[in-house]
Amino acid sequence: MWSVGAVFLVFAAATLGSADPDAHRPRHDSNLEIYKRLFETKRKDQLNALKNLVELNDINQQYKIIDIMLKGLFKVLEDSRQVLVAANMQPDDPFPMDDKIKEAYSHVVENTAFFGDVALRFPRIVHHYYDRNSDWSGLLRWGLNFCNQTGVFTGGAHQHVLTLMSQELGIMEKSPDFINPYRTERDDVLHTAEVFQKILREEEKRRRKEEKRKEIRKGPRISRSRTEL
């Protein structure tokens with residue numbers, strides 16, 4: 001089963017409001033520094049997994065995997081948000097030590113970051129889901145706002161990817177020189193409405209057939225009556 005990672009976007013101040021990520025945090029948060037090193041390792045694992053998905057070179061398989069992946073990703077984000085809100089955990093607080101809060105914190109950061117990777121490499125598929133799902137949009141904006149204040153991405157190598165993702169999804173205005181460096185010629189072909197809609201129709205047809213097969217396998221059940229001798 002595909003693990004779901006996280007994506008953090010850097011928002012313009014006009015979009016999410018500026019905040020000093022070090023306002024409440026100790027001058028040197030050693031636990032945060034330890035987590036940031038672990039986060040780097042996690043990011044390498046995420047990118048390796050995503051590389052395998054890119055190299056799959058089968059749009060129908062990619063569509064099915066991303067479908068499952070995104071649903072799982074946003075479910076984790078929502079569950080983690082509930083934990084953090086219930087604990088009144090602020091993103092610029094010291095790095096949490098409670099295991100449950102720490103897990104929710106890392107899930108938000110990692111899943112938000114991974115979503116950015118997926119959005120840049122599979123923009124057409126991600127737009128198909130994200131653009132028409134207001135719940136996901138609101139949840140991602142919350143996640144990005146949270147991540148933007150944690151200090152995890154401050155000055156890091158992943159910040160640029162997150163900025164690109166926020167522009168790709170229209171969360172922040174595209175800069176005049178915006179280019180998605182992960183887009184390929186194949187992506188340009190898929191970005192034509194006719195081609196992509198054909199893929200979606202084929203996938204929908206496959207799903208209906210699969211559901212029908214499941215119903216046939218279930219079949220009518222014959223109730224057995226027990227006769228006492």
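Values reported hereafter were calculated over all heavy atoms of this structure, with side chains retained and with hydrogens, waters and symmetry mates removed.
- Between Phe146 and Tyr105, the ring center distance clears the sub-6.0 Å criterion.
- We find the CG-CG distance between Asp79 and Leu84 to be 11.0 Å, quoted to the nearest 0.5 Å.
- Here CG of Leu140 is found 9.5 Å from OG of Ser166. Values are rounded to the nearest 0.5 Å.
- Contact annotation: the side chain of Arg121 never approaches that of Asn180 to less than 4.5 Å [non-hydrogen atoms, C-beta and beyond].
- The minimum heavy-atom distance between Glu168 and Pro123, with the atom names listed, is OE2-CB, 3.6 Å.
- Rounding to the nearest 0.5 angstrom, the gap separating the CG atom in Asp92 from the CG atom in Asp29 is 11.5 Å.
- In this structure, the side chains of Leu77 and Trp136 stay at 4.5 Å or more apart for every pair of heavy atoms.
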task: Kindly determine whether Asn31 and Glu33 satisfy side chain to side chain donor-acceptor pair (under 3.5 Å), including the steps that lead there.
output: CA-CA 5 Å; Asn31 293 314; Glu33 294 304 315; over 6 Å; no
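- Judged purely by distance below 3.5 Å, without hydrogens or angles, the side chains of Gln46 and Asn48 never pair a donor atom with an acceptor atom.
- Between the side chain of Gln167 and the backbone N or O of Ser175, at least one donor-acceptor pair lies under 3.5 Å.
- Note on Val152: it clusters hydrophobically with Met89, by side-chain heavy-atom contacts below 4.5 Å among ILVMFWY residues.
- Considering all non-hydrogen atoms of both residues, Thr150 and Val109 come closest at CG2-CG2, 4.4 Å.
- Note on Asp98 versus Lys102: no salt bridge recorded, every NZ/NE/NH1/NH2 to OD/OE distance being 4.0 Å or above.
- Residues Leu56 and Val54 share a single hydrophobic cluster, defined by chaining ILVMFWY side chains whose heavy atoms lie under 4.5 Å apart.
- Separating the CD atom in Gln61 from the CD1 atom in Ile66 is a distance of 11.5 Å, to the nearest 0.5 Å.
- The existence of a salt bridge linking Arg43 and Glu40 is excluded, since no basic side-chain nitrogen approaches an acidic carboxylate oxygen closer than 4.0 Å.
- Under a cut-off of 6.0 angstrom, the local environment of NZ in Lys51 is sparse, with at most 12 non-hydrogen atoms contributed by other residues, nucleotides or ligands.
- At a threshold of 4.5 Å between side-chain heavy atoms, the hydrophobic network of Ile, Leu, Val, Met, Phe, Trp and Tyr places Leu47 and Phe122 in two separate groups.
- If you chain together hydrophobic residues whose side chains sit under 4.5 Å apart, Leu144 and Val83 never meet in one group.
- Looking at Arg124 and His127, their side chains never come closer than 4.5 Å, going by heavy atoms from C-beta outward.
- When every heavy atom of Val126 is checked against every heavy atom of Ala119, the shortest pair comes out as CG2-CA, 3.7 Å.
- The minimum heavy-atom distance between Ala104 and Ser80, with the atom names listed, is O-CB, 3.6 Å.
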task: Dump the intermediate steps for salt bridge (charged side-chain N to carboxylate O under 4.0 Å, His left out) on Glu103 and Lys100, then the final yes or no.
output: CA-CA 5 Å; Glu103 181 179 52; Lys100 185 176 181 180; over 6 Å; no
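- Remark: Lys75 NZ to His107 NE2 distance equals 11.5 Å, nearest 0.5 Å.
- Judged by a 6.0 Å distance limit and a 45° cone about the ring axis, Lys174 is positioned over the six-membered ring of Phe178.
- Taken to the nearest 0.5 Å, the CZ atom of Arg141 stands 13.0 Å off from the CG atom of Asn148.
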- request: Given side-chain contact (heavy atoms from CB on, under 4.5 Å), test Met165 with Val118 step by step and report yes or no.
  value: CA-CA 9 Å; Met165 185 267 272; Val118 177; over 6 Å; no
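- The aromatic rings of Tyr63 and His128 lie tilted to each other, with the angle between the two planes from 30° to 60°.
- Panel note: side chain Asn133, backbone Tyr130; no donor-acceptor pair is recorded below 3.5 Å.
- Ring orientation note: the planes of Phe115 and Phe74 are nearly perpendicular, at an angle over 60° on the 30°/60° scale.
- For the residue pair Asp117/Tyr182, the side-chain donor-acceptor check at 3.5 Å is not satisfied.
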